[in-house]
Amino acid sequence: MKLWSTTYIPTLKESPAEAEIASHQLLLRAGLVRKLGGGIYTFLPLGLRVLEKVKQICREEMEAGGGIEVLMPHIHPVEFWQKGPRWNAVREVMFSAGSASASVKQGGEIQYVLGPTHEEVITPLVAAELTSYRDLPRNFFQIQTKFRNEIRPRYGLMRAREFVMKDGYSFDTTDEAANESYHKMEAAYRRFFSRVGVRYIAVEADTGVMGGSFSHEFMVPAEIGDDDVVYCEQSGYAANREKATSGLVPKDLADAAPCGAVEEFATPGVVTIAALEQAPFSVPADQQFKTLIFIGDDKPFAIVLRGCDELEEAKLGSLGFQLFRPATPEEIEPVMGARPGSLGVVKGTIKNPKALAGIFVDHAVRLIGNGTTGANKDGYHLRNVNVARDLAVTRFGDFRRVREGEPCPRSGQPLKIARGIEVGHVFKLGTKYSDAFGAMYMDDKKQKHPMIMGCYGIGISRTLQAVIEQCHDADGIVWPWSVAPYHVLICVLDPQLAPAMEIAQKLAKAAEAAGADVLVDDRAERPGVKFKDADLIGIPLRVTVSSRGLAEGMVELKWRTEKQFTKVPVAEAEARLTEAVQKAAAGQPRA
RNA sequence: CGGGGUGUAGCUUAGCCUGGUAGAGCGCUACGUUCGGGACGUAGAGGUCGUGAGUUCGAAUCUCACCACCCCGACCA
């Protein structure tokens, strides 16, 4: 039992200007955290209690999934990162941790960095410690503070420079075993998020350059999220928008027959899809070919989409280029023969086809059959262009961005799109890090092989805020039982009356015996203030003890989720409270 | 890093355009009246007006630079 007067819960009536979204405002108003600097927060007692509960649930589910807990350092000698496979890519978001003394810092190299994640630490450890197939599989995890110098911290704990993360790493001998580790973690993640009390969607995520590996993101649906989740309620299909496909193009689509000879026509000044839709041309966007030129590893390549479609740039990762960017008009003209606005990939019209590293055509283009495209001659277009007969195609692929309402690739039902916050990510890594750090094992034939790795992250502090974002109303937070900082709040309206406090103590003991964490509001505040604060900090079950109630021999029980309270005779109060706590803990939050 | 915005008491802010005494509400302290959904009165404490330079007799107010924070984009748990 904790007395309000002996802890520190600084609630705010008004919300600080810096907080724009509900969860961020409530973090501050309910006295859970305070900001030290951009993206850097202190956890106050109430916030810390929630954080610890989320961590504990995570720990339990990780161990249930075979995870072994360790704690790695926050500061890393920089050599480990320099030796790793992504130093140049990650150093921008890493904090250095050299000496604070200016004289030492001058001209000196960075010697330490603050850990943004720990592949570069766990892999050398495992490389040194585990050498035999008999040592595997192993799956290590830790719950620890991470440091990333975010370009733009925002939304409180949602994107912070310092945040609490659970990170885990699995090491296996074979691909099949690694897949098993992966699926164990995926299952553990589902249990974790369910227990914490957030609605989530597990989506297929982009694997980038890792090729055949796979990846799932755990997303919490929220308006303020910065990812789009594409999903189908009927089939259960769900994917990050970067990776999502639709069933728009039937698998058995036959190529359309030509409808006449390709014909050039003048389109002076027409350089956009929209302009070609206007009279006198009146070509609908879905009958136009959109030709985009990119530079991939210094060579130009072409992407062809329908005029009405948009490119999903992340999907170009599957083409195998390390780096790519849109080409400039100056780079395009010598290759194609025209500037953007008059481009096309009709055979024989490309000025220098050999310069192109490839012509990649989106599957949906086949829906056009016969359409209109640029003539590679400024101010001219071609009509009656037949996809099968006339286009120069290296290969077809999926390059377009999926739109809401398109058919699900599995069920054919309309796809929906929602915003989401990424709170977890499971990723099959392969041997990227084991190769770099020599994490090898010897098999039973004395052959050495790199270990197959997986990595698994959960944003603990971000999950905490995601819970608030999902579980609040106009009055404040509405904590799920599992992570509530306290389960029961005993509001003593007249704490100066000894009998009132005695009853509060007795009830607190009963609730604790039933397994609840209890907070007693013993402040000499007016009732209105106490009730407002109670709603704000969102404790699931409130017990009100007042002189007025005691005069008729009653105390009151009230759930945070309900408007009405229930009067209970003092004599029955302990039993009723015990029962309520047990039911709530068992997942039936009703009195 | 690009675009936009804001910096005045612990919090929310007025004043700035049109230069001349820094104001309010919440919170805080004391006393009194109140006492079931953020009470009221009286009296107080609390301000380098983000920092630095400039213009001016005089700058919160005008100019410049810098810093911090917030929002929108590219990246991420």
Side-chain angles (χ1 to χ4, degrees), chain A residues 10-21 24-25 28-29 31 34-40 54 58 89-90 92-94 115-118 143-168 189 192-193 205-206 208 217-220 224-227 240 242 313-314 325 420-427 455-466 474-476 491-497 523-536 542 544-551 554-556 558 563 565 567:
Chain A
T11 57
L12 300 175
K13 195 186 289 191
E14 290 175 292
S15 86
E18 71 197 47
E20 200 169 65
I21 63 167
H24 188 189
Q25 293 175 347
L28 295 165
R29 286 191 56 211
R34 286 293 184 264
K35 185 172 76 171
L36 179 63
I40 316 175
V54 176
C58 181
V90 290
E92 273 184 47
V93 299
M94 289 174 67
T117 173
H118 283 71
I143 299 173
Q144 194 223 32
T145 301
K146 304 290 191 222
F147 304 88
R148 291 185 196 173
N149 195 1
E150 284 292 337
I151 297 156
R152 182 151 99 86
R154 64 180 127 172
Y155 297 145
L157 304 178
M158 217 42 108
R159 181 173 315 182
R161 290 202 163 99
E162 183 185 312
F163 57 96
V164 180
M165 177 172 161
K166 188 287 301 179
D167 52 321
Y189 274 38
F192 167 75
F193 289 113
D206 184 40
E217 285 172 354
F218 287 77
M219 311 289 297
V220 169
I224 55 123
D226 26 29
D227 290 287
N240 189 308
E242 293 182 349
E313 272 198 43
R325 59 170 173 84
I421 304 162
E422 183 185 352
V423 288
H425 202 155
V426 290
F427 203 106
C455 70
Y456 317 96
I458 289 178
I460 299 286
S461 43
R462 178 181 279 186
T463 299
L464 186 162
Q465 189 171 343
D475 294 315
C491 263
V492 185
L493 297 191
D494 307 281
Q496 74 285 3
L497 298 179
R523 295 174 301 167
E525 287 288 350
R526 298 163 57 83
V529 174
K530 296 193 169 211
F531 292 148
K532 286 288 184 191
D533 273 347
D535 288 346
L536 182 58
R542 188 180 91 197
T544 307
V545 179
S546 66
S547 58
R548 184 197 285 186
L550 293 182
M554 300 287 201
V555 297
E556 295 155 16
K558 180 186 173 298
K563 281 208 156 52
F565 57 79
K567 285 190 179 183

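Scope of the values below: all heavy atoms of this structure, side chains included, with no hydrogens, waters or symmetry mates. Treat the numbers as computed from the prediction; the structure is a model and nothing was measured. Just so it is clear: chains get the letters A, B, ... in the order the sequence lines come, proteins before strands, and each one is counted from 1.
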Colleague: Expressed in whole Å, how much space separates the C1' atoms belonging to B:C16 and B:C62?
Modeller: 10 Å
Colleague: Hey, does A:T117 reach any base, or is it just sugar-phosphate, or nothing, if we go heavy atoms under 4.0 Å?
Modeller: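 Nothing, no heavy atom under 4.0 Å.
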Colleague: What residues, two or more places apart in sequence or in another chain, satisfy ring pair (Phe, Tyr, Trp, His ring centres under 6.0 Å) together with A:F163?
Modeller: none
Colleague: Quick check: any donor-acceptor pair below 3.5 Å linking the side-chain of A:R159 to the base of B:C75?
Modeller: yes
Colleague: For B:U42, which nucleotide is its Watson-Crick or G-U wobble mate, given both distances must be under 3.5 Å?
Modeller: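 Partner of B:U42: B:A30.
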Colleague: In the structure I gave you, are the side-chain heavy atoms of A:K532 and A:T11 within less than 4.5 Å of one another anywhere?
Modeller: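 Counting from C-beta outward, A:K532 and A:T11 never come under 4.5 Å.
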Colleague: In whole angstrom, give me the gap between the C1' atoms of B:U13 and B:U8.
Modeller: 9 Å
Colleague: Find the distance A:N240:CG to B:C76:P and express it as a whole number of Å.
Modeller: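 Rounded to the whole Å, the gap is 10 Å.
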Colleague: Could you give the CE-to-C1' distance, from A:M158 to B:C70, as a whole number of Å?
Modeller: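 Whole-Å distance recorded here is 17 Å.
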Colleague: Would you mind telling me which residue lines up with the more 5' stretch of RNA chain B, A:P153 or A:V93, judged by nearest nucleotide?
Modeller: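 Residue closer to the 5' terminus by nearest nucleotide: A:P153.
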Colleague: Could you give the CZ-to-P distance, from A:R152 to B:A77, as a whole number of Å?
Modeller: 17 Å
Colleague: Sub-3.5 Å donor-acceptor pair from the side chain of A:Y189 to the main-chain atoms of A:G457, do we have one?
Modeller: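 Yes.
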Colleague: Walk along nucleotides 35-40 of chain B from 5' to 3' and tag each nucleotide B, S or - by protein heavy-atom contact under 4.0 Å, base first, then sugar-phosphate.
Modeller: SBBBB-
Colleague: Please tell me if the side chains of A:L12 and A:Q25 come closer than 4.5 Å, counting only heavy atoms from C-beta onward.
Modeller: no
Colleague: Given side chain to side chain contact (heavy atoms under 4.5 Å, CB included), test A:F565 with A:V555 step by step and report yes or no.
Modeller: CA-CA 10 Å; A:F565 57 79; A:V555 297; over 6 Å; no
Colleague: Quantified in whole Å, what is the P atom distance between nucleotide B:G4 and nucleotide B:A60?
Modeller: 28 Å
Colleague: Using atom C1' of each nucleotide, how far apart are B:G47 and B:C1 to the nearest Å?
Modeller: 36 Å
Colleague: In whole Å, measure the gap between the P atoms of B:U61 and B:U34 for me.
Modeller: 49 Å
Colleague: Base, sugar-phosphate alone, or nothing: which one does A:G38 contact when heavy atoms must sit under 4.0 Å apart?
Modeller: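 Touches sugar-phosphate only.
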Colleague: Once you round it to whole Å, what is the distance between P of B:C69 and CG of A:L28?
Modeller: 15 Å
Colleague: Let me spell it out: for each of A:E14 and A:G424, pick the nucleotide of RNA chain B with the closest heavy atom. Which residue's pick is nearer the 5' end?
Modeller: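 The 5'-side residue here is A:E14.
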Colleague: Indicate the atoms forming the closest heavy-atom contact of A:A19 with A:H24, along with that distance.
Modeller: CA-ND1, 3.5 Å
Colleague: Counting N and O atoms only, with roles assigned by atom type, does the side chain of A:R29 sit under 3.5 Å from a partner on the main chain of A:S15, one being a donor and the other an acceptor?
Modeller: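 Such a contact is absent between A:R29 side chain and A:S15 backbone.
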Colleague: Could you state the atom-to-atom distance from CE of A:M94 to P of B:A77 in whole Å?
Modeller: 15 Å
Colleague: Using a 4.0 Å heavy-atom cut-off, does A:A534 contact any base of the nucleic acid, only the sugar-phosphate backbone, or nothing at all?
Modeller: nothing
Colleague: Do A:R462 side-chain and B:C76 base share a donor-acceptor contact under 3.5 Å?
Modeller: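 Yes.
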Colleague: What integer distance in Å separates A:E162:CD from B:A77:P?
Modeller: 17 Å
Colleague: In whole angstrom, give me the gap between the P atoms of B:U56 and B:A74.
Modeller: 48 Å
Colleague: If B:G36 has a Watson-Crick or G-U wobble mate with both distances under 3.5 Å, name it; if not, just say none.
Modeller: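 Across all strands, not a single nucleotide pairs with B:G36.
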Colleague: Does the side chain of A:Y155 get closer than 4.0 angstrom to OP1 or OP2 of B:C72 through an N or O atom?
Modeller: yes
Colleague: Within the 4.0 Å heavy-atom criterion, would you say A:E422 contacts the bases, only the backbone, or no part of the nucleic acid?
Modeller: sugar-phosphate
Colleague: Output yes when a side-chain donor or acceptor of A:R462 lies under 3.5 Å from a complementary backbone atom of A:E422, and no otherwise.
Modeller: yes
Colleague: Could you tell me how far apart A:E20 (CD) and B:G4 (C1') are, to the nearest whole angstrom?
Modeller: 13 Å
Colleague: Write down the partner of B:U55 under the Watson-Crick or G-U wobble criteria, each distance required to be under 3.5 Å.
Modeller: none
Colleague: Please determine, for the side chain of A:F163, which listed nucleotide (B:G25, B:C69, B:A77) has the closest atom?
Modeller: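 For A:F163, the side-chain atoms sit closest to B:A77.
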Colleague: Side-chain N or O of A:R154 less than 4.0 angstrom from OP1 or OP2 on B:C72?
Modeller: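 Checking B:C72 against A:R154, a side-chain N or O does come within under 4.0 Å of OP1 or OP2.
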Colleague: Determine which nucleotide pairs with B:U13, using a 3.5 Å limit on both distances of a Watson-Crick or G-U wobble pair.
Modeller: B:G23
Colleague: Quick one: are A:K530 and A:L493 in side-chain contact, heavy atoms under 4.5 Å?
Modeller: yes
Colleague: What heavy-atom pair brings A:L157 and A:Q465 nearest, and what distance separates the two atoms?
Modeller: N-OE1, 2.8 Å
Colleague: B:C75 C1' sits how many Å from A:E242 CD, rounded?
Modeller: 10 Å
Colleague: Say we look at B:C31 and B:C70: how far apart would their C1' atoms be, to the nearest angstrom?
Modeller: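 42 Å, rounded to whole Å.
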Colleague: Now, which nucleotide makes the Watson-Crick or G-U wobble pair with B:A74, with each of the two distances under 3.5 Å?
Modeller: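 WC or wobble partner does not exist here.
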Colleague: Please give the distance between the C1' atoms of B:A9 and B:G50 as a whole number of Å.
Modeller: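 My reading of the C1' atoms in B:A9 and B:G50 gives 14 Å.
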